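These notes are about the structure you will find just below.
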Amino acid sequence: MSWFDSLPAAEATVPCGTGTHAVRWEAGQLTLPAHPDAEAELVLGALGGDKPACVTLIETWASHADDLAVLTAGPRCAADRVSVDWAEVAELRAQLPAGRAQAIQGSQVRTAFIRTTGGGHFRSAGTQAASSFARPGSSARARPAGSLPIPARADLLQRQLQQIELLELLALGPEFQFRLAGTVTAAWAGPDRAEDRDSRRPELSGVLTGRFAPAAQEWLGVDPDTVTVTPHEGPGWGSLELSGAGRSRRLRAALPFGWLSDVWACGLAVVDEHLVVAVEEPGYPRARVLALAAPDAEPVSLQVNAAGSATSGLVAWTL
Amino acid sequence: MHSESVHSEPLPATGGYGERAETYLRLLAEAVLRPPDGHADEVYRAADTLVAAGALADQIAGQIVADLQLALRIRHRPYPRQPGIRATGTTTRLRRFGGFHPGQSPPWRVLPASPATAGSRLMALIVTTNRVLAPATLYFPAALGPQESDIPLLTSLTGTDDLGTGYGLGFAGSRWAGSAWTGTVMFHPVPPAAARWLAISSPNGQLLRADLTAAPRGGVAPGIVLDAAESPGERLLTRQAEAMLAALAFGVPSGHNRASLTGAVATLEGAGVLSPLSPAPARLAALGQLLGLPMEGPSHEVPARWTDVMAYYGRRRRLPPVTGTAAIGAALPELDGARFAIAGVHSGGAGTFLHVLVQGLTGMALRRPSGPPVDVGFSLWLRDDAGGWHLTTVEDVSPVGGPEGLLRLAVLPPLGHATATLKVQLTGSAQQITATLPVRW
């Protein structure tokens with residue numbers, strides 16, 4: 001069972017050459033119906049052949065599959081509309097010095113694609129170190145030993161390129177935005193990433209709070225600015241504490257980072273006045289969740305049913 | 001966005017304050033993104049305040065601001081492009097006198113100056129890894145100087161040692177008073193171990209000789225290093241008070257007002273880097289009130305050293321500064337990942353100035369711009385042998401060709417007599433050094 005089992009397939013069209021092609025997300029994987037052997041095209045592209053834009057997009061998705069910038073930019077809730085125009089992305093790409101951008105991109109992204117065991121998405125083996133923050137204490141994110149520091153100009157160009165890539169992914173539309181966010185949070189939620197999470201606690205607190213606060217508002221009518229969430233590590237679903245009254249009412253929560261992929265990204269945060277704190281059996285159109293009817297209540301196991309995919313990009317559910 | 005460079009600088013040494021400050025700023029950015037539309041300016045101001053307090057690395061603050069700008073842009077919401085001074089480093093030119101790894105970098109050798117002789121006066125000889133720095137006052141024959149530009153005169157000088165070796169000379173922080181030049185002479189390369197002295201000569205003869213055989217003063221000056229008693233928030237407010245005193249001394253507006261103080265206090269308290277019970281905000285407000293700013297606070301909260309400074313500049317007739325150059329030559333223990341060597345003092349009609357070599361200091365403007373004094377993240381107070389307190393503020397910063405920088409600190413009020421000792425109290429974000437140093441005029 002995987003977090004994405006609670007999500008239906010999604011499809012979008014992207015510019016490719018002089019036309020458009022369909023991009024399909026299903027069961028955690030991005031596929032291109034118009035390019036049945038995308039991996040072979042990627043290999044040919046790396047060897048100097050033409051690489052169709054939508055094939056490159058798969059590569060880009062893989063390279064941002066654990067990029068927290070996806071979460072700082074992407075939507076927080078169904079009402080939070082993020083819209084990026086393909087024309088804007090094309091314009092930004094056109095502003096890049098072509099040769100340099102390609103050189104940097106080429107050095108980051110290798111064709112040795114592997115399927116990750118957890119997410120089932122494409123991942124570029126050569127991308128992780130180059131596309132990540134190097135925070136002290138995060139061994140998984142350190143620059144490879146012996147590599148040279150990137151000169152400042154190349155670094156700036158690389159950041160521009162990464163931002164453009166992120167905008168391209170967001171241009172896929174709300175359904176893909178939530179699915180990409182789910183992919184990123186699932187990548188960070190694994191037991192093998194506990195050290196990484198510990199070294200990025202402020203960032204993860206912001207990401208959790210930014211998404212949980214609107215859900216808490218919908219559930220309790222609490223002011224979202226008074227909600228804080230810290231990452232929960234260890235057994236159990238976490239904790240909730242509502243204190244104060246009236247305007248001084250505050251909600252403090254501790255939730256596993258995986259709540260974002262399992263619950264929030266699948267549209268399950270609040271179902272019929274229940275706050276979902278965990279997913280027991282993911283599934284679509286039917287799933288079993290652990291939910292709270294009130295902050296001081298014990299969580300109960302509930303079956304929820306999909307009520308269709310809203311235009312906001314998030315699936316709607318009912319009891 | 002992701003970038004390897006973002007977290008490559010050392011984080012401020014402020015214990016758990018850094019995590020609290022970062023979390024606060026990230027939650028503030030989240031609040032701005034929620035409807036009803038918040039103001040990004042609030043995040044920019046908070047970022048500046050937390051960086052100024054030393055609670056948050058400017059690279060992290062800059063990244064949070066950049067992330068927020070992108071998030072607002074793709075929501076088609078306005079995002080002001082004026083992200084503050086510290087968060088981006090674009091409004092003023094800031095640099096780090098870097099390359100310093102606390103406890104690892106080769107130590108400087110700080111040699112005390114020889115006894116004073118008639119004419120030129122050396123403050124100290126500081127041997128770094130690749131050069132020798134000699135802050136000094138050089139007296140030129142009246143026929144030679146000063147000129148419109150000091151460059152032709154200084155380029156006529158030569159550097160030699162007793163072995164006959166010639167040295168390249170460089171000059172930093174030049175100031176003329178009549179025919180006397182005060183600044184730092186840089187010798188390079190480092191002299192061989194057998195050399196006994198260095199000399200600076202003009203075409204008319206030797207101007208200065210510096211003894212290389214004097215024993216360094218046991219590494220660093222004996223001083224007391226303590227964890228700073230104040231939180232980063234209190235330190236920032238104290239430095240703001242010092243900036244207000246310096247503005248009084250320079251006769252420029254301090255740029256502080258009730259709204260800026262209230263905003264800074266709210267940010268510092270919200271980020272957990274200032275206790276709501278701290279007396280620092282009231283102390284700063286009381287000082288502001290005494291200085292005629294629209295603030296109110298209990299006057300008994302104002303520390304005695306602040307009133308020493310105010311009393312001097314409140315006088316209609318002030319005592320003239322003592323005239324002369326004094327040698328100190330003492331390296332201080334490391335402070336918050338930076339190191340300092342006090343070279344000496346030069347005093348005259350323009351005021352009293354302390355010359356300090358520094359390495360590993362962040363947020364340093366290359367020159368003090370006109371207007372309010374620049375906060376460089378530390379406080380340095382002096383106490384003379386008569387018990388008078390003197391605030392110092394950065395008047396000038398001179399790169400000296402390596403990772404070090406030379407600070408020329410204005411001493412406020414100037415020294416009124418040739419004090420025999422100076423008690424130096426240097427306070428950073430997390431640590432404080434107190435050392436009593438002999439001063440030889």
Side-chain angles (χ1 to χ4, degrees), chain A residues 64 67-77 79-85 88 129-138 141-143 149-150 152 155-156 158-160 162-163 165-167 170-171 199-211 213-214 217 224-225 227-230, chain B residues 1-13 16-39 42-43 47 50 55-57 59-77 79 88-90 270-272:
Chain A
H64 289 263
D67 178 7
L68 290 178
V70 166
L71 304 176
T72 54
R76 270 56 170 175
C77 61
D80 183 24
R81 301 299 170 87
V82 169
S83 64
V84 179
D85 197 315
E88 185 191 355
S131 66
S132 309
F133 289 121
R135 185 186 282 253
S138 173
R141 322 198 124 253
R143 191 198 305 270
I150 302 167
D155 186 52
L156 181 66
Q158 183 181 317
R159 278 195 242 177
Q160 284 179 317
Q162 287 165 345
Q163 190 174 83
E165 287 177 354
L166 179 57
L167 294 176
L170 296 173
S199 69
R200 307 284 284 265
R201 278 179 67 85
E203 207 166 346
L204 302 192
S205 294
V207 164
L208 271 166
T209 303
R211 285 155 179 80
Q217 184 183 28
D225 289 350
V227 176
T228 50
V229 189
T230 51
Chain B
M1 297 301 298
H2 38 215
S3 159
E4 288 200 329
S5 64
V6 167
H7 293 110
S8 58
E9 290 284 331
L11 294 169
Y17 290 121
E19 186 171 318
R20 282 187 233 171
E22 183 181 348
T23 303
Y24 172 81
L25 196 62
R26 290 191 179 279
L27 295 185
L28 196 61
E30 288 294 333
V32 165
L33 283 175
R34 280 194 284 273
D37 298 353
H39 297 289
E42 198 183 338
V43 177
L50 295 172
L56 187 62
Q59 294 85 356
I60 294 178
Q63 189 62 53
I64 294 170
V65 165
D67 286 346
L68 175 63
Q69 288 181 326
L70 178 66
L72 290 170
R73 182 175 136 199
I74 58 181
R75 286 163 176 79
H76 306 287
R77 284 178 49 189
Y79 57 101
T88 62
T90 54

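Convention: sequence-line order gives letters A, B, ...; per-chain numbering from 1. Just so we're clear, the structure is a prediction, and the values are computed from it rather than from any experiment.
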Indicate the atoms forming the closest heavy-atom contact of A:Pro75 with B:Arg75, along with that distance. CA-NH2, 3.7 Å
Side chain / backbone / both / neither for A:Val82 at chain B, heavy atoms under 4.5 Å: both
OG of A:Ser205 to CD of B:Glu30: how many Å apart, nearest 0.5 Å? 10.5 Å
Please determine whether side chain to side chain contact (heavy atoms under 4.5 Å, CB included) holds for the pair A:Leu167 and B:Leu70, giving the CA-CA distance in whole Å, both sets of side-chain angles, and the decisive distance to 0.1 Å. CA-CA 10 Å; A:Leu167 294 176; B:Leu70 178 66; 4.0 Å; yes
When rounded to the nearest 0.5 angstrom, what is the spacing between OG1 in A:Thr209 and CZ in B:Arg26? 11.5 Å
Bottom line for A:Asp225: the part with an atom under 4.5 Å from chain B's heavy atoms is both
Rounded to the nearest 0.5 Å, what's the gap from OG1 on A:Thr228 to CG on B:Leu27? Could you check? 7.0 Å
Smallest separation among heavy atoms of A:Ala213 and B:Arg34, with atom names: CB-NH1, 3.6 Å
Quick one: pull up CD in A:Glu203 and CD in B:Gln63 and give me the separation to the nearest 0.5 Å. 8.0 Å
